[in-house]
Amino acid sequence: MGMTLIEKIIAAHSPDPVKTGAVVWLDLDIRSARDFAGANVVGNFRKYYAGEKVADPRRTFFTFDCNAPANTIPYANNQMRCREFAREQGIRVYDVDAGIGSHVMIDEGLTLPGSTVVGTDSHLNILGAVGAFGQGMGDQDIAFAFRAGRTWFEVPESMRVIVTGSLPPSCSARDLTLAVVGRLGSKGALGRAIEFFGDAVDALDLSGRITLASMVTEMGGIVGLIQPDAAVVDYLKIRSGRTHLDLFTSDPTATYVETIEIDVSKLTPQIAMPPKPDRVVPVSQVGDVAVDSVFVGSCTNGRYEDFVAVAEIVKDRRVAPGVMARAVPATQEIYGRLLKDGVLATLFDAGFIVSNPGCGGCASGQIGMTGKTEVQVSTSNRNFTG
């Protein structure tokens with residue numbers, strides 16, 4: 001019997017027999033902690049592994065993106081504890097100026113197809129965009145991963161989502177993603193790994209693949225894996241400095257618990273209505289709604305291409321009076337490119353508040369929150385109250 005893509009990746013990192021439902025030891029290529037729960041990871045490491053060293057400092061990282069720079073005393077102290085631990089252990093901190101950790105891992109060439117990565121980020125499965133296994137875990141689990149360089153993991157069931165047809169010009173990768181979320185709901189992929197297939201998926205650039213993979217958490221999934229195309233492979237080769245990458249593919253005889261087909265050839269722009277990301281409807285059905293604020297950014301839509309798309313819309317226009325529009329690039333590198341190319345100037349001239357890289361509107365209200373009766377249009381992966 002053949003193996004699914006997640007089974008192939010796990011088998012390449014485990015000495016144990018790999019089959020659905022089996023609990024195996026999984027060797028980890030990258031172990032990370034962000035400023036959210038990072039101090040708890042340090043606390044657990046000091047408690048249970050006092051005086052010991054992390055398994056491999058070159059594969060261990062902190063990424064500060066939730067509260068960047070820290071604007072509360074608790075977050076400032078938590079980041080300080082992580083920095084102190086990092087100096088003691090000789091591990092790298094991607095500090096408050098770096099940006100969203102999962103994006104940094106891709107752009108720095110740390111995460112490659114078939115990699116295994118864990119951290120304290122609930123959306124670390126975004127790394128499926130490059131065919132890697134990413135998984136968010138609790139602080140005690142990550143402390144153990146820091147010390148051991150591995151973790152135990154239950155091999156999940158796999159399902160296929162086949163996206164057929166070509167995406168209409170009026171739609172983006174986000175509309176495709178929302179169509180998938182709306183179809184699966186918040187539990188349609190619960191505890192499963194998704195493999196995405198289809199011409200519409202193959203046509204997505206890296207930023208579009210990131211958008212799709214980042215929303216798998218909202219479907220209850222473990223990870224959503226997309227086979228890297230030549231453009232993604234070339235990008236990762238340049239970023240990692242490698243001339244060859246090992247690519248994993250599922251076997252033709254692999255067993256999937258479910259296969260779902262979604263035709264996007266006639267898709268129209270989609271939106272998720274509060275308070276749940278899977279409450280997806282066509283924008284045309286919403287009607288006239290007064291908007292108080294707009295947020296563009298997050299790990300789902302914080303790439304260079306996202307801001308270029310917004311800039312094309314608002315060029316030579318102004319944000320309406322009474323509306324607060326905010327833009328937060330995902331990483332410092334993206335911020336710099338937008339700055340040099342004049343995209344940020346276009347957004348600024350239109351009346352946007354442009355902030356430093358990070359999670360922005362998703363975490364800790366870093367770029368402002370939404371009042372009780374206010375309406376916000378957001379590119380975040382979640383639309384919970386506030």
(message) Could you check whether any side-chain N or O of Asn301 sits under 3.5 Å from a backbone N or O of Asp306, counting only pairs where one atom can act as donor and the other as acceptor?
(response) no

(message) Between Glu88 and Arg83, does any side-chain N to carboxylate O distance fall below 4.0 Å?
(response) no

(request) Write down the atom of Ser102, the atom of Leu124, and the distance for their closest heavy-atom approach. (result) CB-CD1, 4.1 Å

(request) Group every Ile, Leu, Val, Met, Phe, Trp and Tyr by side-chain heavy-atom contacts under 4.5 Å, then state whether Tyr335 and Ile353 land in the same group. (result) no

(request) Would you kindly check if the NZ (Lys) or CZ (Arg) of Arg337 is within the cone defined by 45 degrees around the ring axis of Tyr304 and under 6.0 Å from the six-membered ring centre? (result) yes

(request) Please confirm whether the backbone N or O of Arg58 pairs with a side-chain atom of Asp56, one donor and one acceptor, at under 3.5 Å? (result) yes

(request) Answer with yes or no whether the hydrophobic clustering places Val319 together with Val354; edges join I, L, V, M, F, W, Y residues whose side-chain heavy atoms lie under 4.5 Å apart. (result) yes

(message) Between Thr120 and Arg34 (side chain of the first, backbone of the second, donor and acceptor by atom type, cut-off under 3.5 Å), is there such a pair?
(response) yes

(message) Whether Lys8 and Asp251 form a salt bridge (side-chain N of Lys/Arg under 4.0 Å from carboxylate O of Asp/Glu) is what I want to check.
(response) yes

(message) Please report the interatomic distance CD(Glu258) to CD1(Ile194), rounded to the nearest 0.5 Å.
(response) 10.0 Å

(request) Could you tell me which non-hydrogen atom of Leu212 sits nearest to which non-hydrogen atom of Thr177, and how far apart they are? (result) CA-OG1, 3.3 Å

(message) Once rounded to the nearest 0.5 Å, what's the spacing between atom OG1 of Thr211 and atom CG of Leu178?
(response) 9.5 Å

(message) Could you check whether any side-chain N or O of Asp263 sits under 3.5 Å from a backbone N or O of Ser265, counting only pairs where one atom can act as donor and the other as acceptor?
(response) yes

(request) May I ask you to decide if Glu195's main-chain N or O and Arg160's side chain share a donor-acceptor pair within less than 3.5 Å? (result) no

(message) Any salt bridge linking Arg303 with Glu333? Criterion: basic side-chain nitrogen under 4.0 Å from a carboxylate oxygen.
(response) no

(request) Verify whether the ring centers belonging to Phe62 and Tyr94 lie closer than 6.0 Å. (result) no

(request) Mark yes or no for whether Ser14, through its side chain, and Ala11, through its backbone, hold a donor-acceptor pair below 3.5 Å. (result) no

(message) Let's go through Phe85 and Arg46 carefully: what are the C-alpha distance in whole Å and the side-chain angles of both, what is the deciding distance for side chain to side chain contact (heavy atoms under 4.5 Å, CB included) to 0.1 Å, and is it a yes or a no?
(response) CA-CA 9 Å; Phe85 182 80; Arg46 295 193 190 284; 3.8 Å; yes

(message) Can you confirm whether the side chains of Asn44 and Asn40 place a donor and an acceptor under 3.5 Å from each other?
(response) no

(message) Contact between Pro269 and Ser170 at the side-chain level, heavy atoms closer than 4.5 Å - yes or no?
(response) yes

(message) I want to check something: taking the side chain as every heavy atom from C-beta on, are Val294 and Val291 in contact at a cut-off of under 4.5 Å?
(response) yes

(message) What's the separation between atom CG in Asp246 and atom OG in Ser115, rounded to the nearest 0.5 Å?
(response) 10.0 Å

(request) Kindly determine whether His123 and Asn125 satisfy side-chain hydrogen bond (donor to acceptor under 3.5 Å, both in side chains), including the steps that lead there. (result) CA-CA 5 Å; His123 286 85; Asn125 48 20; 6.0 Å; no

(request) Would you check, one step at a time, whether the test side chain to side chain contact (heavy atoms under 4.5 Å, CB included) holds for Phe36 with Asn78? (result) CA-CA 8 Å; Phe36 180 77; Asn78 287 347; over 6 Å; no

(request) Would you mind reporting whether Pro69 and Phe64 have side-chain heavy atoms less than 4.5 Å apart? (result) no

(request) Mark yes or no for whether Asn356, through its side chain, and Ala68, through its backbone, hold a donor-acceptor pair below 3.5 Å. (result) yes

(message) Before you tell me yes or no, could you show the steps for Thr164 and Val264 under side chain to side chain contact (heavy atoms under 4.5 Å, CB included), namely the whole-Å CA-CA distance, both residues' side-chain angles and the distance that decides it to 0.1 Å?
(response) CA-CA 6 Å; Thr164 62; Val264 297; over 6 Å; no

(message) Donor-acceptor check, side chain of Thr4 to backbone of Ala254, threshold 3.5 angstrom: yes or no?
(response) no

(message) I want to check something: taking the side chain as every heavy atom from C-beta on, are Asp292 and Met324 in contact at a cut-off of under 4.5 Å?
(response) no

(message) Which residues end up grouped with Val283 if you chain together Ile, Leu, Val, Met, Phe, Trp and Tyr wherever their side-chain heavy atoms are less than 4.5 Å apart?
(response) Ile271, Met273, Val281, Val286, Val289, Val375

(message) Looking at Lys19 and Glu7, is any side-chain nitrogen of the basic one under 4.0 Å from a carboxylate oxygen of the acidic one?
(response) no

(message) Membership question, hydrophobic clusters at under 4.5 Å side-chain separation (ILVMFWY): are Phe196 and Leu176 in the same one?
(response) yes

(request) Run the numbers on Phe133 and Phe153 for ring pair (Phe, Tyr, Trp, His ring centres under 6.0 Å), then give the verdict. (result) CA-CA 12 Å; Phe133 169 73; Phe153 198 76; 5.1 Å; yes

(message) Measuring from atom CD1 of Ile106 to atom CG of Leu236, what distance do you get when rounded to the nearest 0.5 angstrom?
(response) 7.5 Å

(message) I want to check something: taking the side chain as every heavy atom from C-beta on, are Pro228 and Phe248 in contact at a cut-off of under 4.5 Å?
(response) no

(message) Between Phe146 and Tyr48 (judged by ring centroids, cut-off 6.0 Å), do the two rings come close enough to count as a pair?
(response) no

(request) Count the heavy atoms belonging to other residues, nucleotides or ligands that lie under 6.0 Å from NZ of Lys237, then report whether that count exceeds 12. (result) yes

(request) Evaluate the criterion side chain to side chain contact (heavy atoms under 4.5 Å, CB included) for residue pair Gln135 and Ile222; output intermediate values, then yes/no. (result) CA-CA 7 Å; Gln135 185 63 39; Ile222 297 292; 3.2 Å; yes

(request) For residues Pro329 and Ile334, report the shortest heavy-atom separation together with the two atoms involved. (result) CB-CG2, 4.1 Å

(request) Kindly indicate whether the side chain of Pro57, heavy atoms from C-beta on, has any atom under 4.5 Å from the side chain of Gln89. (result) no

Show me the donor-acceptor pairs, under 3.5 Å and distance only, between side chains in residues 23-32 and residues at least two apart or in other chains.
{"unit_1": "Asp29", "atom_1": "OD1", "unit_2": "Arg59", "atom_2": "NH1", "d": "3.4"}
{"unit_1": "Asp29", "atom_1": "OD2", "unit_2": "His13", "atom_2": "NE2", "d": "2.8"}
{"unit_1": "Asp29", "atom_1": "OD2", "unit_2": "Thr116", "atom_2": "N", "d": "2.9"}
{"unit_1": "Asp29", "atom_1": "OD2", "unit_2": "Thr116", "atom_2": "OG1", "d": "3.4"}
{"unit_1": "Arg31", "atom_1": "NH1", "unit_2": "Leu28", "atom_2": "O", "d": "2.5"}
{"unit_1": "Ser32", "atom_1": "OG", "unit_2": "Val118", "atom_2": "O", "d": "3.1"}

(request) Return yes if a side-chain donor-acceptor contact under 3.5 Å exists between Gln79 and Asp35, otherwise no. (result) yes

(message) Ignoring hydrogens, what is the shortest heavy-atom contact between Ala213 and Gly128? Give both atom names and the distance.
(response) CB-C, 4.2 Å

(request) State whether Arg382 and Glu218 are salt-bridged, where the test is any N-O pair (Lys NZ or Arg NE/NH1/NH2 against Asp/Glu carboxylate O) under 4.0 Å. (result) yes

(request) Working to the nearest 0.5 Å, report the span between OG of Ser172 and CD of Gln270. (result) 10.0 Å

(request) Of all the heavy-atom pairs spanning Ala173 and Gly208, show the shortest one and how long it is. (result) CB-CA, 3.5 Å

(message) For residues Tyr235 and Ile100: do they belong to one hydrophobic cluster (side chain heavy atoms under 4.5 Å, members Ile, Leu, Val, Met, Phe, Trp, Tyr)?
(response) no

(message) Between Asp175 (side chain only) and Leu267 (backbone N and O only), is there a donor and an acceptor less than 3.5 Å apart?
(response) no

(request) Evaluate the side-chain proximity of Met215 to Val180: yes if any heavy-atom separation is below 4.5 Å, no if none is. (result) no

(request) Give a yes or no on whether a salt bridge exists between Arg209 and Asp229, defined as a side-chain N under 4.0 angstrom from a carboxylate O. (result) yes

(message) I'd like to check Pro156 versus Thr20 (side-chain heavy atoms, cut-off strictly below 4.5 Å). Are they in contact?
(response) no

(request) Taking all heavy atoms of Ser355 and all of Val328, pick out the closest pair and write down the distance. (result) CB-CG2, 4.0 Å

(message) Could you measure the distance from the OG atom of Ser298 to the CG atom of Asp65? Nearest 0.5 Å is fine.
(response) 11.5 Å

(request) Spell out, as yes or no, whether a donor-acceptor pair under 3.5 Å connects the side chain of Ser293 to the backbone of Val377. (result) no

(request) State plainly whether one hydrophobic cluster holds both Met159 and Leu225, where clusters connect Ile, Leu, Val, Met, Phe, Trp and Tyr through side-chain heavy atoms under 4.5 angstrom apart. (result) no

